[in-house]
Amino acid sequence: MATAAAGEELAVTAELSQLRHWEQEQDTLKKRMVERDQHNEWTLESLKRVGGVDISFIKGDNINACATLVVLSYPDLQVLHEESMMVQLTAPYIPGFLAFREVDHLVTLVRRLEASRPDLMPQLIMVDGNGKLHYRGFGLACHLGVLLDLPTVGIGKNILVVDNLDKESFHAKERAELQHRGDWIPVVGASQTVWGAAVRCVEAAINPVYVSVGHRVSLDTAIKLALATAKHKIPEAVRMADQLSRLFLRKRAGTQ
DNA sequence: GCGACAG
DNA sequence: ATCTTGTCGC
């Protein structure tokens with residue numbers, strides 16, 4: 001009993017020190033994050049390839065998953081390439097620390113593509129998950145962008161409450177102001193910091209998507225990219241990555 | 001103690 | 001994240 005309690009206490013202490021370590025890692029990498037259009041050889045007029053990444057899971061299995069990178073042509077949004085692989089997720093999902101669960105696998109996918117088909121490398125990657133819209137201003141999209149030193153944009157399906165944002169009044173503001181495709185409102189917290197934007201990408205979807213800066217793009221460019229690549233509620237690169245990773249799991253289930 | 005909680 | 005097809009409407 002006493003030893004079990006002591007073991008429990010040790011485990012809790014270890015978890016807390018892990019989280020502190022991860023926070024330090026985020027703060028360190030954040031210094032390399034660039035929140036504006038910089039060193040990009042493309043503009044919205046000359047952009048050719050947009051990447052999208054996502055990881056899908058097997059029901060009831062929190063470890064085995066499929067990570068997918070898809071490359072779409074721009075502006076016609078055709079699938080140029082798919083890179084999918086089964087991965088094992090070791091770190092648990094902890095809000096605010098999603099990157100430590102997923103980012104290494106996403107980096108691997110991009111490195112693989114870079115090695116096999118450098119001609120198909122995306123000029124920008126859209127991530128299923130937030131960028132700056134994060135408790136410490138450094139979500140998965142920022143993390144991936146900094147590690148790769150590639151432009152990234154974060155796309156969230158749910159608002160993450162940061163900086164004492166009032167969720168209810170924000171949703172009320174969305175309903176009032178996001179009347180049509182292309183409408184957007186900034187996500188501004190109590191400190192007046194702009195963390196991202198709620199963007200209505202298509203007429204058919206009443207609910208917006210939460211766009212935030214990842215790395216080497218401005219919020220303005222990130223919003224324009226989301227709008228320019230959305231055929232549905234979710235911008236196509238992220239939507240395709242999600243769809244193809246799920247398809248990969250279904251095919252695999254049918255085989256094995 | 002209560003609420004919040006990307007994927 | 002995941003459980004899930006068709007259906008109603010523009």
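Everything quoted here is computed from the prediction, not taken from an experiment. Lettering follows sequence order; numbering is per chain, from 1.
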Min side-chain heavy-atom separation F97(A)-L19(A) under 4.5 Å
yes
Close side-chain approach of M33(A) to K132(A), heavy-atom, < 4.5 Å:
yes
Begin with the C-alpha distance, continue with both residues' side-chain angles, and end with the deciding distance and a verdict on side chain to side chain donor-acceptor pair (under 3.5 Å) for Q26(A) and H143(A).
CA-CA 8 Å; Q26(A) 289 175 329; H143(A) 205 128; 5.1 Å; no
Would you say I125(A) and L148(A) make side-chain contact, with heavy atoms under 4.5 Å?
yes
Criterion side chain to side chain donor-acceptor pair (under 3.5 Å) on H21(A) and Q24(A), from CA distance to verdict:
CA-CA 5 Å; H21(A) 176 72; Q24(A) 287 173 21; 4.8 Å; no
For a quick check of understanding: with a heavy-atom distance under 4.0 Å over all strands, which category does G60(A) fall into, base, sugar-phosphate or nothing?
nothing
Would you indicate, yes or no, if dG3(B) has its OP1 or OP2 atom less than 4.0 angstrom from a side-chain nitrogen or oxygen of K167(A)?
no
Separation of dC3(C) P from R246(A) CZ (nearest whole Å):
7 Å
Taking C-beta and beyond as the side chain, do V53(A) and V238(A) meet within less than 4.5 Å on heavy atoms?
no
Can any side-chain N or O of R111(A) pair as donor or acceptor with the backbone N or O of E114(A) at less than 3.5 Å?
no
CZ of R250(A) versus C1' of dC3(C): gap in Å, rounded?
14 Å
In one Ile/Leu/Val/Met/Phe/Trp/Tyr side-chain cluster, 4.5 Å: L44(A), L150(A)
yes
Apply the test salt bridge (Lys or Arg N to Asp or Glu O under 4.0 Å) to residues D54(A) and R246(A): give CA-CA distance (whole Å), side-chain angles for both, the deciding distance (0.1 Å), then the verdict.
CA-CA 10 Å; D54(A) 187 30; R246(A) 291 187 198 211; 5.8 Å; no
Rounded to whole Å, how long is the line connecting atom CG of L160(A) with atom C1' of dA4(B)?
9 Å
For a stem of at least 3 consecutive Watson-Crick or G-U pairs with distances under 3.5 Å, i pairing with j, i+1 with j-1 and so on, which stems involve DNA chain B?
none
Quick one: N64(A) CG to dG7(B) P, roughly how many Å, whole number?
21 Å
For the backbone of R36(A) and the side chain of S218(A), can you confirm whether one donor and one acceptor N or O come within less than 3.5 Å of each other?
no
Do the side-chain N or O atoms of R101(A) get closer than 4.0 angstrom to the phosphate oxygens (OP1, OP2) of dA1(C)?
no
Please state how far atom NE2 in H143(A) lies from atom P in dA6(B), giving the value in whole angstrom units.
18 Å
What is the distance, to the nearest angstrom, from the NE2 atom on H105(A) to the P atom on dA1(C)?
17 Å
Indicate, with a heavy-atom threshold strictly under 4.0 Å, whether D54(A) touches base, sugar-phosphate, or nothing.
sugar-phosphate
Side chains of T152(A) and L124(A) in contact at under 4.5 Å (non-hydrogen atoms):
no
Reading nucleotides 4-10 of chain C from 5' to 3' and marking B where a protein heavy atom lies under 4.0 Å of the base, S where only the sugar-phosphate is that close, and - otherwise, the string is -------
Are I63(A) and I58(A) side-chain neighbours, meaning at least one heavy-atom pair lies under 4.5 Å?
no
Separation of N164(A) atom CG from dG3(B) atom P, in whole Å?
17 Å
Once you apply a heavy-atom cut-off of 4.0 Å, does D128(A) come out as touching a base, just sugar-phosphate, or nothing?
sugar-phosphate
Select one nucleotide: of dA1(C), dA6(B), dA4(B), the one nearest the side-chain heavy atoms of V161(A).
dA4(B)
Cation over ring, R175(A) on F170(A), under 6.0 Å and within 45°?
no
When all nucleic acid strands are considered with a 4.0 Å heavy-atom cut-off, which category describes I55(A): base, sugar-phosphate, or nothing?
nothing
NA contact type, F100(A), heavy-atom cut-off 4.0 Å: base, sugar-phosphate, or nothing?
nothing
With sugar-phosphate meaning primed atoms plus P, OP1 and OP2, does G156(A) contact a base, only sugar-phosphate, or nothing at under 4.0 Å between heavy atoms?
sugar-phosphate
Taking OP1 and OP2 of dG7(B), is either one under 4.0 Å from a side-chain nitrogen or oxygen of N158(A)?
yes
For a quick test of reading the model: is some side-chain N or O of Y93(A) closer than 4.0 Å to OP1 or OP2 of dA6(B)?
yes
Nearest-Å distance for atom pair NE2/C1', residues H134(A) and dA4(B):
14 Å
In dot-bracket form, how is DNA chain C paired, counting a Watson-Crick or G-U wobble pair only if both its distances are under 3.5 Å and using | for bases paired to another strand?
..........
Ignoring the backbone of Y135(A), work out which of dC5(B), dA6(B), dA1(C) is nearest its side chain.
dC5(B)
